[in-house]
Amino acid sequence: MANTIEVKVPDIGHDNVPVIEVLVKAGDTVEKEQSLITLESDKATMEVPSSAAGVVKELKLKVGDEVSEGAVIVVLEVAGGAAAATPAPTPKAEAPKAAAPAPAPAASPAPTAAGASGRTPDVECKLVVLGSGPGGYTAAFRAADLGVDTVLVERYASLGGVCLNVGCIPSKALLHAAAVIDEAEAMAAHGVSFGAPKLDLDKLRGFKEKVVGQLTGGLAGMAKARKVRTVQGTGTFVSPNELEVQTNDGVKLIRFENAIIAAGSQSVKLGMFPWDDERILDSTRALEMKDVPKKLLVVGGGIIGLEMATVYAALGSEVTVVEFMDQIIPGADADLIKPLAKRLGSRLKGIHLKTKVISAKATKKGIEVGYEGDSIPETTLFDRVLVSVGRSPNGGKIGAEKAGVAVTDRGFINVDTQMRTNVPHIYAIGDLVGQPMLAHKATHEAHVAAEVVAGLKSHFDARVIPSVAFTNPEIAWVGVTEREAKEKGLKVGVGKFPWAASGRAIGIDRTEGFTKLIFDEETHRIVGGGIVGVNAGDLISELALAIEMGSEAADIALTIHPHPTLGESVGMAAEVYEGTITDLYIPKKK
């Protein structure tokens with residue numbers, strides 16, 4: 001006898017994540033774990049699978065909807081006895097807790113592992129770490145410090161993975177150059193003129209590469225000092241205790257007792273774009289800085305897209321941004337975004353929200369694009385197009401099934417709080433274990449995995465993980481957002497200090513920012529906060545620490561912050577909430 005159940009969105013680590021693709025329709029027969037919809041946050045895409053097999057009786061979502069945990073995806077007609085769908089969460093009256101990173105989407109049943117190859121290994125070790133990004137090299141170094149014989153496998157010629165080689169670090173070097181150009185231009189209004197900047201692209205690339213080389217070279221030195229053996233090449237599992245690495249000298253077989261998978265993620269490549277044309281850029285190609293295009297289209301208004309838009313606009317490109325959602329950087333509160341949107345509005349050709357690219361054709365004159373949406377750009381021909389619509393994990397590209405490790409359709413790997421996969425001696429960390437896809441999350445997970453391998457009782461239990469957009473101005477936030485609190489019915493209060501009242505901000509003529517703290521109304525403990533303005537990414541750490549320590553508003557307000565600094569705006573925001581602020585006049589409510 002058939003009955004119906006609701007299939008709902010599980011805990012995805014964020015609220016208001018947009019639906020970018022619906023993979024089923026009414027009347028379809030679906031299997032358990034079959035993907036139903038695709039979601040896209042500012043850092044990654046993910047597919048949500050069905051919790052049961054059945055027939056789709058009703059589809060509850062459409063492309064463009066924003067969903068959170070508990071949202072109904074479909075109504076399924078299932079055979080009797082099928083497992084019930086995930087129940088919708090109920091708002092709680094107690095103080096809200098900031099979300100820990102979400103587990104990856106439900107994995108398919110564990111595959112049957114391959115048998116041992118029977119070959120003589122080229123390398124044997126207690127631990128192999130696959131990938132040397134911030135998570136991978138941290139895991140390898142921590143394990144070695146604890147006396148574990150460790151081998152580190154990396155596909156790039158230098159250690160550091162995507163982040164150090166073609167991601168976080170080179171982009172920040174270029175963003176520094178962009179910030180100096182903007183500051184030099186701004187000083188003209190204060191009586192100091194430097195003239196128009198003269199761009200030597202070769203030297204700028206050289207500066208970026210020097211920064212990368214200094215950090216990656218340092219990693220190589222630390223690996224050697226710790227006696228961590230490194231193998232350059234692309235690694236894939238061939239059995240639960242063997243990893244095959246394709247190197248320049250042929251295939252090498254590594255036999256291990258434990259493994260930590262730190263294989264990261266890659267840019268999502270939408271099929272409508274001609275990727276064989278070098279004028280179509282992902283973040284890696286964009287950082288190569290082969291030229292400064294006269295006209296650049298950035299597809300995606302998330303963190304990575306806007307950071308690169310900031311760089312190219314400062315270097316002289318006419319930049320157009322197209323974003324599918326109704327806000328750039330969808331994960332942040334709308335008030336944090338406004339100062340950035342206003343500043344970018346005067347520096348970019350345009351930011352077009354609720355709009356998407358539906359076609360892209362390579363021609364001799366450039367890339368010809370077509371649009372659909374509420375705000376159609378006037379320009380359709382671009383010299384280059386940067387596609388920045390998130391990242392997808394590499395879990396499905398490493399032969400994990402041969403090791404018996406369960407991987408989702410999208411490439412995520414589920415782990416427990418000790419970072420163990422379903423195979424007890426194999427661990428996974430970083431981007432491929434779920435949101436948020438951030439280097440600083442990966443490094444802390446790496447410590448846990450390495451310590452567990454070494455026999456320590458370690459668990460990953462971070463309450464909050466901060467996010468930063470290194471745009472100009474920077475945007476940073478951590479913990480519960482105002483929007484999230486409102487949607488969940490959480491009773492919170494806000495203390496906001498405008499930088500227009502900050503002596504330091506006035507002195508550097510950057511008063512567009514503000515600092516916002518969010519407190520639980522019952523306990524007065526801080527549960528979230530956001531900062532927009534110069535160096536917001538450096539300032540957000542105090543808020544993260546305050547949340548981890550369970551600080552109350554008075555704890556922050558009574559902590560003496562140095563004056564005049566941007567950091568004292570944190571204490572001032574707490575004073576605003578407490579009603580003790582003297583640097584502003586806020587009439588008391590009657």
Side-chain angles (χ1 to χ4, degrees), residues 43 100-101 125-156 158-170 172 211-212 214-232 235 243 256 258-265 391 393-395 398 413 415-421 425-462 464-468 541 544 548:
K43 281 283 186 178
C125 59
K126 174 74 177 275
L127 170 67
V128 66
V129 180
L130 181 58
S132 76
Y137 78 72
T138 298
F141 292 177
R142 179 62 177 143
D145 289 346
L146 292 170
V148 178
D149 175 36
T150 303
V151 171
L152 181 57
V153 177
E154 170 55 51
R155 58 176 172 160
Y156 288 108
S158 54
L159 301 180
V162 169
C163 181
L164 268 68
N165 286 282
V166 292
C168 316
I169 300 305
K172 301 314 170 279
V211 170
V212 171
Q214 183 174 340
L215 286 169
T216 56
L219 291 180
M222 286 192 287
K224 184 176 181 181
R226 287 179 162 93
K227 296 182 173 55
V228 172
R229 290 173 284 169
T230 60
V231 178
Q232 184 195 344
L243 187 76
F256 57 85
N258 300 274
I260 297 176
I261 304 171
S265 62
R391 299 184 65 83
N394 290 328
I398 56 175
I413 297 175
V415 293
D416 62 17
T417 60
Q418 290 192 311
M419 313 315 298
R420 291 183 192 272
T421 69
H425 68 279
I426 298 180
Y427 305 74
I429 61 174
D431 289 0
L432 48 69
V433 303
Q435 293 277 21
M437 290 186 171
L438 298 171
H440 43 279
K441 178 192 74 128
T443 59
H444 284 265
E445 293 172 336
H447 276 263
V448 171
E451 288 165 3
V452 174
V453 169
L456 302 181
K457 293 182 179 180
S458 186
H459 292 265
F460 184 75
D461 61 354
V464 292
I465 301 170
S467 295
V468 181
S541 296
E548 289 284 355

Looking at Ser132 and Gly160, would you say the former's side chain and the latter's main chain have a donor-acceptor pair under 3.5 Å? yes

Output the distance between atom CD (Glu445) and atom CD1 (Ile429), rounded to the nearest 0.5 Å. 7.0 Å

Taking the side chain as C-beta and beyond, is there a heavy-atom pair between Leu152 and Arg226 under 4.5 Å? no

Once rounded to the nearest 0.5 Å, what's the spacing between atom CZ of Arg142 and atom CG of Leu456? 6.5 Å

Report yes if some heavy atom in the side chain of Phe256 is under 4.5 Å from a heavy atom in the side chain of Val151; otherwise report no. no

Which atom pair, heavy atoms only, marks the closest approach of Ala144 to Val228? CB-CG2, 3.6 Å

Identify, with sequence neighbours excluded, every residue that meets ring-ring contact (aromatic ring centres under 6.0 Å, His included) alongside Tyr427. none

For Ile398 and Ala263, work out which heavy atoms get closest and say how close. CG2-CB, 4.0 Å

How close do Ala446 and Ala139 get, heavy atom to heavy atom, and via which atoms? CB-N, 3.5 Å

Side chain of Thr417, backbone of His459: donor and acceptor closer than 3.5 Å? no

Which heavy atom in Thr230 sits nearest to a heavy atom in Ala223, and how many Å separate them? CG2-CB, 4.3 Å

Residues Gly430 and Ala442: closest non-hydrogen pair is CA-CB, 3.7 Å

Rounded to the nearest 0.5 Å, how far apart are NE2 of His447 and OG1 of Thr138? 5.5 Å

Looking at side-chain heavy atoms only, is the closest gap between Met419 and Val452 below 4.5 Å? no

Would a 4.5 Å heavy-atom cut-off, applied to side chains only, mark Arg229 and Val128 as touching? no

Distance check, rounded to the nearest 0.5 Å: Glu451 atom CD versus Asp145 atom CG? 10.5 Å

Quick one: OH on Tyr137 to OG1 on Thr216, what's the gap to the nearest 0.5 Å? 11.0 Å

Is it the case that more than 12 heavy atoms not belonging to His440 sit under 6.0 Å from its NE2 atom? yes

Considering only heavy atoms from C-beta outward, does the side chain of Leu159 approach that of Leu164 to under 4.5 Å? no

Would you find more than 12 non-hydrogen atoms of other residues, nucleotides or ligands less than 6.0 Å from Lys172 atom NZ? yes

Keeping the roles fixed (side chain from Glu154, backbone from Tyr156), state whether a donor-acceptor pair exists under 3.5 Å. yes

Student check: side-chain heavy atoms of Lys126 and Asn258 closer than 4.5 Å: yes

Between the side chain of Gln418 and the main-chain N/O of Ser458, is any donor-acceptor distance below 3.5 Å? yes

For Val415 and Ala428 the tightest heavy-atom approach is CG1-O, 3.6 Å

CG of Leu432 to CG of Leu130: how many Å apart, nearest 0.5 Å? 9.0 Å

